[in-house]
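Below: one structure, written as structure tokens.
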Amino acid sequence: MSEENTYDFRAVERAWQERWEREGIYVARDDDPRPKYYVLEMLPYPSGDLHVGHAKNYTLGDAVARIHRMRGQNVMHPMGWDAFGLPAENAAIQRGIDPETWTLENIANMQRQVRLMGTSYDWTRELASCLPDYYRWNQWFFIRLFEKGLAYKREAPVNWCPVDQTVLANEQVENGRCWRCGAAVERRNLAQWFFKITDYVERLLAGLDRLDGWPDRIRTMQRNWIGKSEGVTFSFDVENVEAQIDVFTTRIDTVFGTTFVAVAPEHPAVEKILEKMPKSRRRVEEFAATLKSKSELERTQLMEKTGIPTGAYAINPLSRERIPVWVTNYVLAEYGTGAVMGVPAHDERDFEFAKKHGLPIAQVITTPDGSLRAPLSEAYLEDGKLIASGEYIGMKSATARRSIAARLEAMGRGKTTVNYRIRDWLVSRQRYWGTPIPIVYCPVDGTVPVPGDQLPVLLPKDVQFTGQGSPLANDAAFVNTTCPKCGGPATRDPDTMDTFVDSSWYYVRYLDAHNDRAPFGKDKASKWMTVDQYIGGAEHAVLHLLYARFFYMFMIDEGYVSGDDEPFARLFNQGMLLYRGEKMSKSRGNVVGIDEAVEKYGVDAMRLFLLKAAPPEDTLDWTDEGIVGRVRFVQRVWRAAEPLADAARAVPLDHLPEMRGDAQRQLVRALHVALDSGMSETETYRFHYNVTTAKLDELINLLGSALREPGAAEDPAVLYVVHALPIVLAPFAPHLADELWSRMGNAGSVHLERWIEPDPAALAVDEITLVVQVNGKVRARIQAAPGIAEDEAFTLAMREPTVTAQIDGKQVRKRIFVPDKLLNIVAA
RNA sequence: GGGGAAGUGGCGAAACGGUAUACGCAGUCGCCUCAAAAGCGACCGAGUGAGAGCUCAUGUGGGUUCGAGUCCCACCUUCCCUACCA
């Protein structure tokens, strides 16, 4: 290799990034008449450094965007920052750095690094959710939801650290203890804001059925998360107590097997019972107190089922049996009615609880043949035939469910109901670094939303971060305000919004990113939505992707945007990037930064490697070995193509070149195979560019061989391939591609060129290898012209000694012929 | 406990039900060089054979099929998600 012909990737890559930026070639225009294509990668949290895990995601999205652009579409490909959240506040608490400064510095650094990757983002649309010109629209949406009754406030339990005097996010509770001070976390009821996602539950479910561009597993996860279950809610009277206990069950057919009623300690009936049962009060309250010190996590995880009898008895409305009412730790106050009928014989949890506390186990369902009889060694969960159930004896479970439900309904004691596992979205956070909730509390006017012309409610600066309590609640200058209605003294809501609010609509803000009168204009939003291809990790399968769908349905309903009510037509789940077997993340401290990789190997080599190493949906364990192969590839391309750049430009690309022999035909074919691979991987949404890079390798290997032949520098086929090289490389190695393109004397960027349609004539082969099998095993391969007839193939095959040796003495029973592929001779 | 994904050379991996191991990494040998690096070329699943070849190999065991890495059933292993939802 001569010194002067080494590709200087450092200089070249930087120069092209600057030029692309200067010329704005990736800016998406609203008035572009070509069909739109919106490709979006999930926006990152600005943790400080971009690592190769991010790079894996963005490289894929960028290849998709570039191929669509070269295929003649008006591509929208924006980028922004999910910039609110806890790490910034922790930096403030631990190191005294202002959260805004910390975040904006991180964004600046990461934005530099994303640019370093040469990705084709339209930076004119960049957004950062922590800036007032973004979060004011969070507040605007909050008020719209409030006006529609979809944002409401009620008491809800939160994780409370008694030492730090603050609410903790679930992620900050480690084994029931505060992550910072180690104190046992308590459950407290605080007034919190909720978004009423449950109003949209049926639509969210129905939409999933239509989203066939989404992975099944994500759709399944969302369905499970929503957790729809149909059953019966009915009520028990409590003996001598003015209270009814409602329970929800999906197995009303087992109601005669109820041997106890279990309630959550928070259940309102508990207090009424205790008024009548003063002797039980102390024990029940002590029990409740031991539960209270535990977070919901701890309460629901791996915990033994315990409980305490209240002393009261409920009456089974159908059997009229007296059954004890227990307060237990395994009934969730937040789901259903906060009480369940305990049927040990037919529910695993009830069985475990009954065993432990010596409660009776009454079998009421048996196997269809009636063979299953007490005593049961475990709960029988299947449907079956009813026994010991009064007038319902002998019925099948399904029939009994209908009959019993009808009976309870007729008695006015119950009705069929649907319950959902999903709860309303709790959006209040007792935290500083988020969007202030735009609500004022007035002693006269009550809960008053901040009027639109007073938005945004700005986050105050110079707040004290002590880690004690909520910073906003402690800031009198922020909290004390005047009522927008009456002008009298009032207080602001001291909480901020869950950052998932920010990411629920950002993909629409990109489409009109600088609008200061509305979150976005309807025309612009409607022109570009929906997102054609969304790309991101599966970790957002339920939260972000469910919230965003809910938000978008609301936007459609309110007419803010028109079109389909699903925001993401297709979703692609990137596989995780691991390092040393663990997820790469800053908090784990196992981050491979991209600055070093780019400096050492070059961006194009890194991008090619990330695509080549594995199919994009696979988990990839990062290793530096292997990337040198892509560095070699980049240099090989350069050495092959650059010297011929001048000569190659003269060979037109709009038709196939003169091909003087087999070698030339193979070379041109390899080019079209690579073109075809890049295109079809994109159009089938498979995105297996690892295969496309292999085709590029084969192309360059053939080109290298061709160049060693005398006269190669004047061979039209060689020059044609060299001329086309920048185009086929452009989506994957954009800098190298544009540098070669410009060396060919082109003034414009190769990224604005058209992809070359794979030509069937170039893809055709003039000789095929026909596989000859005997009884399914390969015995010979014969070279033949395409389209060879079965009889002729058979004749040729029977001349092969390796074939006849296997048939020897046997009769040919059957022939299977796959044209141009295979002949299988079945002999016996 | 529930749900999902995946198991192919030393490694990353490829393969519309039809030539298993493309392409790359690592390795071995050679060319070039005073030497090295880079580059270029050849080889590179296991067994057997002088060789043409033959036999065995896609986690394990069955099945469907002319033919199975691919489809079906059971099991083993790994990873991810979720978790008392009545």
Side-chain angles (χ1 to χ4, degrees), chain A residues 1-3 6 215-218 220-221 223-225 227-229 231 247-251 254 262 297 299-305 328-332 334-343 346-350 352-353 419-423 537-539 541-542 573 575-576 578 581 583 608-609 612-615 617-630 632-633 635-636 639 688 690-698 701 704-705 708 769-781 801-802 805-806 813-818 821-828:
Chain A
M1 174 172 64
S2 59
E3 292 286 324
T6 301
D216 282 342
R217 61 181 285 251
I218 302 294
T220 304
M221 282 167 80
R223 281 195 197 95
N224 291 345
W225 184 266
K228 179 177 182 173
S229 57
V247 301
F248 171 74
T249 178
T250 55
R251 292 297 305 274
T254 66
L297 269 164
R299 239 172 104 179
T300 55
Q301 263 181 13
L302 37 89
M303 216 167 63
E304 233 189 322
K305 291 173 182 48
T328 71
N329 66 343
Y330 76 95
V331 174
L332 303 173
E334 292 280 302
Y335 180 77
T337 62
V340 302
M341 60 180 205
V343 185
H346 305 292
D347 182 282
E348 273 179 325
R349 296 150 300 184
D350 298 343
E352 186 190 331
F353 186 78
N419 260 289
Y420 301 92
R421 204 183 82 94
I422 192 172
R423 301 171 201 178
E539 67 272 21
V542 280
N573 272 139
M576 261 187 315
L578 305 181
K583 188 174 169 178
L608 286 163
F609 178 63
K612 167 130 194 137
E617 68 273 24
D618 281 15
T619 302
L620 176 66
D621 208 335
W622 173 267
T623 133
D624 271 341
E625 289 156 27
I627 195 169
V628 294
R630 297 302 91 196
R632 282 179 200 147
F633 172 83
Q635 294 292 344
R636 265 205 300 269
R639 284 194 309 272
H688 283 198
N690 53 324
V691 176
T692 306
T693 57
K695 303 301 178 197
L696 290 171
D697 278 330
E698 290 177 27
N701 290 343
S705 308
R708 279 188 293 279
T769 304
L770 190 79
V771 172
V772 181
Q773 297 182 334
V774 179
N775 293 333
K777 283 192 191 286
V778 179
R779 295 303 173 184
R781 298 176 175 93
T802 51
Q806 297 294 327
R813 303 272 182 200
K814 198 174 171 183
R815 301 191 314 215
I816 312 285
F817 184 66
V818 182
K821 278 255 163 96
L822 164 137
L823 173 69
N824 186 12
I825 300 168
V826 184

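Quick note on labels: first sequence line is chain A, next is B, and so on, each numbered from 1.
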Exercise. Could you measure between the two P atoms, the one in A42(B) and the one in A22(B), and give it in whole Å?
Key: 14 Å

Quiz item: With a 4.5 Å limit on heavy-atom distance, are the side chains of His688(A) and Glu617(A) in contact?
Solution: yes

Self-check item: Rounded distance (nearest 0.5 Å) linking atom CZ of Arg223(A) with atom CD1 of Ile422(A)
Solution: 14.0 Å

Practice problem: May I ask you to evaluate whether Thr693(A) reaches the phosphate of G24(B), defined as a side-chain N or O under 4.0 Å from OP1 or OP2? | Solution: no

Exercise. Just call it for Glu698(A): base, sugar-phosphate, or nothing, with non-hydrogen atoms closer than 4.0 Å on any strand.
Key: sugar-phosphate

Quiz item: Distance from Leu696(A) atom CG to Asn701(A) atom CG, nearest 0.5 Å?
Solution: 11.0 Å

Quiz item: If each of Pro615(A) and Met341(A) is mapped to the nucleotide of RNA chain B with the nearest heavy atom, which maps nearer the 5' terminus, i.e. the 5' end?
Solution: Pro615(A)

Every protein N/O lying under 3.5 Å from an N/O of nucleotides 3-8 of chain B:
unit_1	atom_1	unit_2	atom_2	d
G4(B)	O2'	Arg217(A)	NE	3.3

Quiz item: When you check the phosphate oxygens OP1 and OP2 of C56(B), does a side-chain N or O of Lys777(A) lie under 4.0 Å from one of them?
Solution: yes

Exercise. Using a cut-off of strictly less than 4.0 Å, decide whether Lys612(A) has a side-chain nitrogen or oxygen near OP1 or OP2 of G24(B).
Key: no

Quiz item: For Phe633(A), is the NZ or CZ atom of Arg636(A) found under 6.0 angstrom from the centre of its six-membered ring and inside 45 degrees of the ring axis?
Solution: no

Self-check item: Protein-nucleotide distance (Lys814(A), atom NZ; U65(B), atom P), rounded to Å
Solution: 10 Å

Exercise. Send over the distance from Glu348(A) CD to A86(B) P, rounded to a whole Å.
Key: 13 Å

Quiz item: Looking only at N and O atoms, is any donor in the side chain of Glu625(A) or the base of G12(B) less than 3.5 Å from an acceptor on the other one?
Solution: no

Quiz item: With no angle test and no hydrogens, is the base of C23(B) tied to the side chain of Asp697(A) by a donor-acceptor pair under 3.5 Å?
Solution: no

Quiz item: Do Thr328(A) and Lys305(A) have side-chain heavy atoms sitting under 4.5 Å apart?
Solution: no

Between protein and nucleic acid, restricted to nucleotides 40-42 of chain B and to nitrogen or oxygen atoms under 3.5 Å apart, what atom pairs and distances do you find?
unit_1	atom_1	unit_2	atom_2	d
C40(B)	O3'	Arg708(A)	NH1	3.4
G41(B)	OP1	Arg708(A)	NH2	2.6

Exercise. Identify, between Val628(A) and Thr769(A), the residue whose nearest nucleotide on RNA chain B lies closer to the 5' end.
Key: Thr769(A)

Quiz item: Can you tell me how far P of A38(B) sits from CD of Gln635(A), to the nearest Å?
Solution: 13 Å

Quiz item: Is any side-chain nitrogen or oxygen of Arg779(A) closer than 4.0 Å to OP1 or OP2 of U55(B)?
Solution: yes

Quiz item: Heavy-atom count around Glu348(A) CD within 6.0 Å, excluding the residue itself: above 12?
Solution: no

Quiz item: Does some side-chain heavy atom of Lys612(A) sit less than 4.5 Å from a side-chain heavy atom of Asp697(A)?
Solution: yes

Quiz item: Donor-acceptor pair, Asn419(A) side chain versus Ser229(A) backbone, under 3.5 Å?
Solution: no

Practice problem: Check every atom of G24(B), A86(B), A14(B) against the side chain of Val691(A) and return the nucleotide holding the closest atom. | Solution: A14(B)

Quiz item: Rounding to a whole Å, what distance do you find between Asn775(A):CG and U65(B):C1'?
Solution: 13 Å

Quiz item: Tell me: NZ of Lys695(A) to C1' of A13(B), nearest whole Å?
Solution: 13 Å

Quiz item: Quick one: is A14(B) close enough that its OP1 or OP2 comes under 4.0 Å of any side-chain N or O from Asn690(A)?
Solution: yes

Quiz prompt | Under the 3.5 Å Watson-Crick or G-U criterion, the dot-bracket string of RNA chain B, with | for inter-strand pairs | solution = (((((((..(((.....[....))).(((((.......))))).((((....))))..(((((..]....))))))))))))....

Quiz item: Whole-Å distance between G1(B) P and Asp350(A) CG?
Solution: 20 Å

Practice problem: Determine the interatomic distance between C1' on A50(B) and the same-named atom on U33(B); round to the nearest Å. | Solution: 39 Å

Quiz item: Syn versus anti for G24(B), judged by chi lying within 90° of 0?
Solution: anti

Quiz prompt | Distance between P atoms of A52(B) and G63(B) (Å, rounded) | solution = 35 Å

Practice problem: Quote, to the nearest angstrom, the P distance that separates C25(B) from G39(B). | Solution: 9 Å

Quiz item: Would you call Asp624(A) and Phe609(A) a side-chain contact if the rule is heavy atoms closer than 4.5 Å?
Solution: no

Self-check item: P gap between A36(B) and U28(B), integer Å
Solution: 14 Å

Quiz item: With a cut-off of 6.0 Å (strictly less than), are more than 12 heavy atoms of other residues, nucleotides or ligands near NZ of Lys821(A)?
Solution: no

Quiz item: At what distance, to the nearest 0.5 angstrom, does NE2 of His346(A) lie from CZ of Arg251(A)?
Solution: 7.5 Å

Practice problem: Check whether any side-chain N or O of Tyr335(A) sits under 4.0 Å from OP1 or OP2 of A86(B), and answer yes or no. | Solution: yes

Quiz prompt | Test item: Met341(A) and Thr254(A) side chains (from C-beta on) under 4.5 Å apart, heavy atoms | solution = yes

Exercise. May I have the distance from Arg781(A) (atom CZ) to G18(B) (atom P), rounded to whole angstrom?
Key: 16 Å

Practice problem: On the 0 to 90° scale, with breaks at 30° and 60°, tag the Phe248(A)-Tyr335(A) ring pair as parallel, tilted or perpendicular. | Solution: perpendicular

Quiz prompt | Whole angstrom value for the distance that separates C1' of C84(B) from CD of Glu334(A) | solution = 15 Å

